[in-house]
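Note that the coordinates shown come from a computational prediction; the quantities given were computed from them, not determined experimentally. Basis for what follows: all heavy atoms, side chains included, without hydrogens, waters or symmetry-related copies.
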Amino acid sequence: VPGVRVGHVDLVSEGVRTGVTAVVPDGDAFTRKLPAACHVANGFGKSAGLIQIEEMGSLETPILLTNTLSVPRCADALISEALEKHPEIGFTTGTVNPVVLECNDGAISDIRARAVTEADARVAIQRASAHVDEGDVGAGYGMTCFGLKGGIGSSSRVVSLNGARFTLGILTLTNFGVLENLRVAGQDIGLHLLDAESRHAHPVILQENRPDHVSGDARGEHGSIVTVLA
C-alpha cells in the first residue's frame with residue numbers, strides 16, 4: 001500500500017519461535033496524526049492503545065504486532081522512539097499512545113521466555129519497507145491457523161471510489177481455527193486432509209492451540225486473529 005511500510009524480526013532459540021512485526025506509516029504519525037478506527041470482535045485480547053483510537057479517532061505511532069506477553073516491551077519501544085524524536089512530549093504536548101496488537105503463540109513457542117525485547121521491536125520498525133514479506137515471519141513466526149502453521153498474510157484489493165482508484169491493504173496475523181473448517185476456493189480442504197490422515201494416506205502434523213484449561217477441549221475453536229487495514 002502506498003504510504004505504509006512493513007518490517008519483521010524473527011526470534012528463534014531453544015523452545016522459542018516468536019517475533020514482532022511493525023506496520024509503519026510514512027512520515028511522522030505523532031506530528032501528523034492519521035485518521036484511525038478499531039473494532040474488537042472478542043475482548044479477550046491484551047492489546048495496547050485501542051481505547052484512545054476509539055475515543056480520538058487517530059493513530060500517532062506505528063502499529064506493532066507480537067505475542068501476548070510481549071505487548072509491554074513493544075509498547076516501550078514505541079514510547080522510547082517517540083520520546084527521542086519529540087522532546088516536547090510531556091511538556092508542551094500530551095503523552096503518546098503506543099499501539100500494540102497480539103496473538104498467543106504459546107502453542108508452539110515458549111511464551112514465558114518473553115524473548116521479544118524493546119530492541120527487537122525497534123529493529124522491526126527500522127526494517128520496514130514497501131516490500132511486505134508474508135508467511136512464517138515476524139509476529140506470525142509462532143502462530144497457527146486451522147490446525148496448521150499460521151503466520152502473516154495479506155488480501156489487498158484495488159477499489160474505485162468516486163472515480164478514483166485506491167489500494168486497500170489488508171494485513172492479517174492468523175492464530176485460530178480447527179482443520180475441519182479450512183476451506184480454500186470453496187473446497188473443504190481441511191476435511192479432505194483429515195480423511196486422508198484417518199486412512200493413513202497422508203499424515204497431517206497438527207499445530208493446534210493447547211487445550212482449554214477449563215474444559216480440556218483440544219478440538220474446540222480457540223485462538224485469535226488481528227487484521228490491520230490501510
Side-chain angles (χ1 to χ4, degrees), residues 1-13 15-27 29 34 36 45 47-49 59 61-71 73-78 81 98-111 113-159 166-177 182 184-185 189 205 207 209 223-230:
V1 179
V4 180
R5 294 166 288 123
V6 176
H8 305 286
V9 167
D10 309 332
L11 297 171
V12 59
S13 60
V16 171
R17 184 184 181 90
T18 191
V20 56
T21 293
V23 180
V24 184
D26 286 346
L34 302 169
S47 58
L59 176 72
T61 70
I63 298 170
L64 294 181
L65 311 178
T66 190
N67 74 63
T68 306
L69 297 186
S70 296
V71 169
R73 289 175 177 167
C74 287
D76 281 343
L78 293 172
E81 288 231 331
V99 178
V100 187
L101 308 173
E102 55 79 27
C103 289
N104 187 339
D105 59 14
I108 58 177
S109 181
D110 179 8
I111 197 167
R114 303 184 68 194
V116 176
T117 66
E118 180 178 342
D120 295 323
R122 298 187 71 169
V123 169
I125 295 171
Q126 294 162 8
R127 288 181 179 175
S129 72
H131 173 75
V132 180
D133 289 327
E134 299 179 61
D136 196 26
V137 294
Y141 201 43
M143 302 298 172
T144 66
C145 189
F146 290 110
L148 304 172
K149 185 66 188 74
I152 292 281
S154 73
S155 183
S156 302
R157 296 291 187 271
V158 174
V159 297
F166 298 89
T167 301
L168 175 63
I170 304 172
L171 187 77
T172 299
L173 176 63
T174 63
N175 195 50
F176 67 96
L182 174 61
V184 179
I189 299 301
I205 307 300
Q207 297 279 10
N209 290 329
S224 53
I225 183 172
V226 172
T227 302
V228 180
L229 298 91

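Nearest heavy atom pair, residue V71 against residue A48, reads CG1-CB, 4.0 Å. Between I111 and L69, the shortest heavy-atom distance links the atoms O-CD1, 3.8 Å. Closest of all the heavy-atom pairs between T174 and M143 is O-CB, 3.1 Å.
Separation of atoms OG1 (T21) and CZ (R127) is listed at 11.0 Å; rounding is to 0.5 Å. We find the SG-CG distance between C145 and N175 to be 8.0 Å, quoted to the nearest 0.5 Å. A distance of 7.5 Å separates OG1 of T66 from CG of D105, quoted to the nearest 0.5 Å.
Contact check for N67 versus V116: side-chain heavy atoms found under the 4.5 Å cut-off. Contact annotation: the side chain of L173 never approaches that of V228 to less than 4.5 Å [non-hydrogen atoms, C-beta and beyond]. Proximity of R17 to D110: side-chain heavy atoms (C-beta onward) are nowhere separated by under 4.5 Å. You'll find the side chain of D76 stays beyond 4.5 Å of the side chain of L78, heavy atoms only. By the 4.5 Å heavy-atom criterion applied to side chains, T18 and Y141 are not counted as neighbours. Between I152 and L171, some side-chain heavy-atom pair lies under the 4.5 Å cut-off.
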Next item on the list: Apply side chain to side chain contact (heavy atoms under 4.5 Å, CB included) to the pair D120 and L11, showing each step before the final yes or no.
Entry: CA-CA 9 Å; D120 295 323; L11 297 171; 3.4 Å; yes
Notebook entry, point to check: Passes salt bridge (Lys or Arg N to Asp or Glu O under 4.0 Å), R5 versus D26? Steps please.
Noted result: CA-CA 7 Å; R5 294 166 288 123; D26 286 346; 2.9 Å; yes
Next item on the list: Apply side chain to side chain contact (heavy atoms under 4.5 Å, CB included) to D136 and K149, showing your working.
Entry: CA-CA 8 Å; D136 196 26; K149 185 66 188 74; 3.0 Å; yes
Margin query: Using side chain to side chain contact (heavy atoms under 4.5 Å, CB included), reason through E134 and S154 one step at a time and then give a plain yes or no.
Written below: CA-CA 8 Å; E134 299 179 61; S154 73; 3.2 Å; yes
Next item on the list: Would you sort out whether C74 and V20 count as a side chain to side chain contact (heavy atoms under 4.5 Å, CB included), showing the intermediate values?
Entry: CA-CA 8 Å; C74 287; V20 56; 3.8 Å; yes
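Listed by chain and residue number, V4, T167 satisfy the side chain to side chain contact (heavy atoms under 4.5 Å, CB included) test with V1 (two or more places apart in sequence, or in another chain).
The backbone N or O of I170 lies less than 3.5 Å from a partner atom in the side chain of S156, making a donor-acceptor pair. With H8 contributing its side chain and A139 its backbone, the two residues share no donor-acceptor pair below 3.5 Å.
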